[in-house]
Amino acid sequence: MRTSQFFLATLKEVPADAEIVSHQLMLRAGLIRQVAAGVYNWLPLGHRVLSKVSQVVREEMNRAGAQEVLLPAVQPAELWQQSGRWDDYGPELLRFADRHERDFCFGPTHEEVITTLARAEIRSYRQLPVNLYQIQTKFRDEIRPRFGVMRSREFIMKDAYSFDRDSEGMSQSYQTMYDAYVRIFERLGLQAQAVEADSGTIGGNFSHEFHVLAESGEDAIAFCSTCNYAANVEKVDLTPASPSRPDATETMSEIATPNVHTIADLCNCLNIASSQTLKTLIVQGSEDTPIALVLRGDHSLNKVKAEMLAEVANPLRMASAKEVEEATGVAPGSVGPVGLNIPVIVDHGAAGVADFVCGANREGFHLKSVNWGRDLAEPRTHDLRQAVEGDPCPTDPSQPIQVRRGIEVGHVFQLGTKYSEALDGNFLDAEGRSQPFHMGCYGIGITRIVAAAIEQSHDDNGIIWPAPLAPFDVCIVPIGLKKSQQVADAVEALYADLTDAGFSVLLDDRNERPGVMFSEMDLIGIPHRIVIGERGLSKGIVEYRDRASGESADYPLDAFVTTLKTISSLAPNTT
RNA sequence: CGGGGCAUAGCGCAGCCUGGUAGCGCACCUGCUUUGGGAGCAGGGGGUCGGGGGUUCGAAUCCCUCUGCCCCGACCA
C-alpha cells in the first residue's frame, strides 16, 4: 500500500474530548472517528487492526473445536420474554418496534438466540458437545459511554456458546475455552491475566475474567503477593476465619454533632479515624421493607455481595432520602443501628469494632462508644464490603492482597441450565430421558482489545503495535523520492521484494518532508521502518529502525528481505 | 437518571461579561524556496456562530426552549 493511495487521517492535535491515551491515539492515528456517543466509524487503518484481532481469535477458536456462525443482530422480544430478560435486562437493552408494532431489540448478547437454535437442531446426546461462536456487532445502551471504544455502546464481540450433556462436559468445554483464551491473548501480544469473577447479569455460577493490566482500567483486580490468587475485587471473600472484637472500654453516650452528615465530617468533628465509625446504608428490600446495611466508615459497600442476600432487592437500589426518613425517622446522614426497627445486616468488618461512633437516629446527634452485644444486640453478620489493598488473601489469609487496575477483554462463564431450562433447550440422553443442555458462554471484546493494546503499548510519539496487531508490518520512508531516480528505483524494488516475501508494506510515496513521514509512521505504530536515501544507497545500505526500541542500524540493501525476515522472527510477538 | 460544563471554519480555541465589520493557530488550495524528526515566505478558499422562538433599529453576544457532546456519580463487557 502507498500512502498516496491510502486513507490516512492523522491528527496533529489531541482532540479535546479524548481522556485516555488509547482514545487520543486512536483518533490521532486515524483508526476511528466518533459518529454519536459510544458509536464509531472504523477507518481503514483501524479496520486493518480489527481484522488482525478477529483473525487470531477465529483461528484459535477453530483450533479449539468451536464452529463459526452468524446470528442476527436484531432479535424478537418473545425470545427475551421467554428467558425473562426482557424485564430483567433493563434500559441497557435497546428496544424498538417494527412497522407492524412488533417488539424487537438490538442484541447485546445472544444466549436466547443460540439456545433456541440448539433446541431446534440438537435432539440427541450423540450430537453433543457443540461449541458455536460468532464475531459480531453488539449494542448495549450504556448509561455513560466513555473512553472511546473502551466503553462504547456499539462494539464488536466474539461470543461463543457451548452445549454439553452434563456438568462434567460443561467443565471440560469451559477449560478448553479458558486455555484457548490464554493462547489468544498470548498470540495477540497482550499481557492478560485470568481472574476469578462474578458472573453478573449473564447468570451462572463459575466464571473468569481476562484482564489487561493498565492504569486506565475500569476494574480493580486483587492479587495475592505469594500464591497465584487473582480475582476481581468484587469477588474477594472477606469472611474472617475467626471473628474477633476488642472488649468494650467506654460507656455509650450521645453527643451533639450539628450539621454532621458524612463520615468525613464526623471524623473532623470528633478527631477520630474513620475506621472507628460505622455507617448505616438503607437499601430496598426484596419484600417492600427497607433493609439497613452497616459498614465501617472507611469501607464501601460491595453491591454484588449485597445482592446475594435474599432479603435485599436485586438489583440493589439505595433508598431515597424520603424512604430513609420513613424507615428510620431521620434523614440520611444521621442513621445508626441502635434502636432501628428494620432488619439490620452488618459487615464482618463493622461487627469487629468496639467503642464505635454511629448515627443516633436523631438529627444533629451521634452515639459514641457504642458496643455490640451491650448497647444493641449481637449483629447478624455477612460479607458486604469491597475488598481493598491489604485485606487478607482468601487462599492464604496470612498474606495481604494487592489491588491493580485492569481492562476486561474476555470473560468465560459456566451458565449451567439457566437458559436451557427457561427456553426448553432439551435433548434426549442415552436412557431416552429429556435433559437440559449444560451451557457455557465465552466473550472477547474485539474492539476493546484494540484500545487495550494501545494502553499497554505506546510512547510519546504514538502507538507501538505488538507485531500481530500492526496494520502494516513494515513501512518504507524514502528521502528525496521525487528528486532521485536512484532512490525511486531502489524503493520500488524493495517494495516489490518485501511484498512478494509476504510482508504487508506501507510505502510513503508522498512528497512530504522526512520529519512529517517519520512522525506519522511513529504515530500509527508500524513495527519496522526502513529509510532509503541517496546517502545510504551510495554505500549500498538502508537504515532499519525498530519502532518499539527506537534502535536503528544500517543493513546492505541487496539482502534486506532476508535481514528483515530474521529481525521480525526474533521480535517477541510475531505473527 | 442526578450534578457540572461545553457547542463559533476540518482540528484546537478567542470573541459573549459591557449588543454594532466574525477572528487566531494548525490543517486545506496556489506559487516560489526548502527536504534526515510534524518547514519558510507570499497569496487564497472556507463559518446558517448547534436548532427554534423572543427582546432590540440591530443578537455569536441578552432571555426562553429544544438538541447534541463531554466530565463526576450511580450502572456495566
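Here is how names work: the chains are called A, B, and so on, in the same order as the sequence lines, proteins then strands, and each is numbered from 1.
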Nucleotide paired to [N] in any strand shown, Watson-Crick or G-U, under 3.5 Å:
| N | value |
| --- | --- |
| B:G47 | none |
| B:A7 | B:U67 |
| B:G20 | B:C57 |
| B:G37 | none |
| B:A14 | none |
| B:U30 | B:A42 |
| B:G73 | B:C1 |

Specify the separation, in whole Å, of atom [atom1] of [X] and atom [atom2] of [N].
| X | N | atom1 | atom2 | value |
| --- | --- | --- | --- | --- |
| A:Arg545 | B:G37 | CZ | C1' | 9 Å |
| A:Ile143 | B:C70 | CD1 | P | 15 Å |
| A:Leu301 | B:G73 | CG | P | 17 Å |
| A:Asn511 | B:C29 | CG | P | 13 Å |
| A:Ile479 | B:U35 | CD1 | P | 12 Å |
| A:Glu154 | B:A77 | CD | P | 18 Å |
| A:Phe518 | B:A39 | CZ | C1' | 15 Å |
| A:Phe413 | B:A77 | CZ | P | 6 Å |

Starting at the 5' end of RNA chain B and moving along, which residue's nearest nucleotide shows up first, A:Ala36 or A:Thr10?
A:Thr10

Pick base, sugar-phosphate or nothing for [X], based on heavy-atom distances below 4.0 Å to the nucleic acid.
| X | value |
| --- | --- |
| A:Leu523 | base |
| A:Glu19 | sugar-phosphate |
| A:Lys483 | base |
| A:Thr447 | nothing |
| A:Val531 | base |
| A:Asn461 | nothing |

A:Phe163 ring center within less than 6.0 Å of A:Tyr419 ring center
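No, ring centres 6.0 Å or more apart.
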
Tell me which nucleotide among [options] gets nearest to the side chain of [X].
| X | options | value |
| --- | --- | --- |
| A:Asp522 | B:G38, B:G37, B:G12 | B:G37 |
| A:Pro514 | B:G38, B:G36, B:A77 | B:G36 |
| A:Asp17 | B:C69, B:G38, B:C71 | B:C69 |
| A:Glu142 | B:G38, B:C70, B:A77 | B:A77 |

Rounded to whole angstrom, note down the [atom1] distance from [N] over to [M].
| N | M | atom1 | answer |
| --- | --- | --- | --- |
| B:G44 | B:G25 | P | 14 Å |
| B:A60 | B:G50 | C1' | 12 Å |
| B:G38 | B:G43 | C1' | 23 Å |
| B:U33 | B:G51 | P | 45 Å |
| B:U34 | B:C41 | P | 15 Å |
| B:C32 | B:G46 | P | 23 Å |
| B:C29 | B:G10 | P | 15 Å |

Side-chain donor or acceptor of [X] under 3.5 Å from a matching atom on the base of [N]?
| X | N | answer |
| --- | --- | --- |
| A:Glu512 | B:G38 | no |
| A:Arg529 | B:G37 | yes |
| A:Arg146 | B:C70 | no |

Any heavy-atom pair between the side chains of A:Ile454 and A:Trp465 that's under 4.5 Å?
yes

Please examine the side chains of A:Thr563 and A:Tyr544, heavy atoms only from C-beta on, and report whether any two atoms are closer than 4.5 Å.
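Of all side-chain heavy-atom pairs linking A:Thr563 with A:Tyr544, none is under 4.5 Å.
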
Respond yes when some side-chain nitrogen or oxygen of [X] is under 4.0 Å from OP1 or OP2 of [N], and no when none is.
| X | N | result |
| --- | --- | --- |
| A:Gln34 | B:G68 | no |
| A:Arg513 | B:G38 | no |
| A:Arg144 | B:C71 | yes |
| A:Lys12 | B:C26 | no |

Looking at B:A77 and A:Phe155: do their rings stack (centroid distance under 5.5 Å, interplanar angle under 30°)?
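Check passed, A:Phe155 stacks on base of B:A77.
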
Do any N or O atoms from the side chain of A:Asn302 and from the backbone of A:Val304 form a donor-acceptor pair under 3.5 angstrom?
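Yes: the side chain of A:Asn302 pairs with the backbone of A:Val304.
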
Is the A:Tyr178 ring parallel, tilted or perpendicular to the A:His208 ring (thresholds 30°, 60°)?
perpendicular

Take A:Thr3 and A:Asp509 through the side-chain hydrogen bond (donor to acceptor under 3.5 Å, both in side chains) test and state the conclusion after the steps.
CA-CA 6 Å; A:Thr3 51; A:Asp509 61 341; 3.3 Å; yes

Please report the C-alpha distance between A:Lys539 and A:Asp554 in whole Å, then the side-chain angles of each, then the deciding distance to 0.1 Å, and finally whether the salt bridge (Lys or Arg N to Asp or Glu O under 4.0 Å) criterion is met.
CA-CA 10 Å; A:Lys539 291 179 276 182; A:Asp554 291 338; 5.7 Å; no

Applying side-chain hydrogen bond (donor to acceptor under 3.5 Å, both in side chains) to A:Arg95 and A:Tyr89, what does each step give before you reach the verdict?
CA-CA 11 Å; A:Arg95 302 154 209 253; A:Tyr89 212 92; over 6 Å; no

